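It should be emphasised that the depicted structure is a prediction, and the values quoted were computed from it without experimental measurement. Worth knowing before you read on, the calculation uses all heavy atoms, side chains too, and leaves out hydrogens, waters and symmetry mates.
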Amino acid sequence: PATVERVRRREIEEAEEVLSKEDIKASSMSFYPSHVEVYLDTGVKTFISSEKNIINSIKVLVLILRQISLEGRQPRSVDLRYDKVIVSYD
């Protein structure tokens, strides 16, 4: 339990650091047994599987958000829990 909490805390700090380097701000992160929900200050809700490395998933999220931004679109949510990324728009 204490070790799991330390690992999770380190993951949170690393995730925040990756987001910060990319000038992406998370308004909150919620941890559940099967997934992590990251709410960005832009209103985008992101789902990341707890089974996957959160840092790698955040890096994928950054790439997806860059591509979507180049297309001039704003997603409502990005779901990285599955093999294929699911992006939802309003």
In one Ile/Leu/Val/Met/Phe/Trp/Tyr side-chain cluster, 4.5 Å: Y89, L40: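 In one cluster with Y89: L40, yes.
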Same apolar cluster: I54 and I86, side chain cutoff 4.5 Å: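 Different clusters: I54 never reaches I86 through Ile, Leu, Val, Met, Phe, Trp or Tyr contacts under 4.5 Å.
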With [X] via side chain to side chain donor-acceptor pair (under 3.5 Å) - residues at least two apart:
X: D23; result: K25
X: K52; result: none
X: D79; result: R81

Side-chain touch I58/V60, heavy atoms, less than 4.5 angstrom: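 A side-chain contact under 4.5 Å is absent here.
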What are the two closest heavy atoms between [X] and [Y], and how far apart are they?
X: S57; Y: L80; answer: O-CD1, 3.4 Å
X: N56; Y: N53; answer: N-OD1, 2.9 Å
X: A15; Y: I55; answer: N-CD1, 3.3 Å

Salt bridge (charged side-chain N to carboxylate O under 4.0 Å, His left out) partners of D41, counting only residues at least two apart: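 By the salt bridge (charged side-chain N to carboxylate O under 4.0 Å, His left out) rule, D41 matches no residue at all.
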Compile the donor-acceptor pairs under 3.5 Å between side chains in residues 42-49 and protein atoms, sequence neighbours left out, one pair per line.
from, atom 1, to, atom 2, distance (Å)
S49, OG, E51, N, 3.0

Enumerate, atom names and distances included, each donor-acceptor pair closer than 3.5 Å involving a side-chain atom of residues 61-72, sequence neighbours excluded.
from, atom 1, to, atom 2, distance (Å)
R66, NH2, E22, OE1, 2.4
R66, NH2, E22, OE2, 3.2
Q67, NE2, E71, OE2, 3.3

Flag, side chain of S27 to backbone of Y39, donor-acceptor distance under 3.5 Å: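 Flag set: sc S27 to bb Y39 pair under 3.5 Å.
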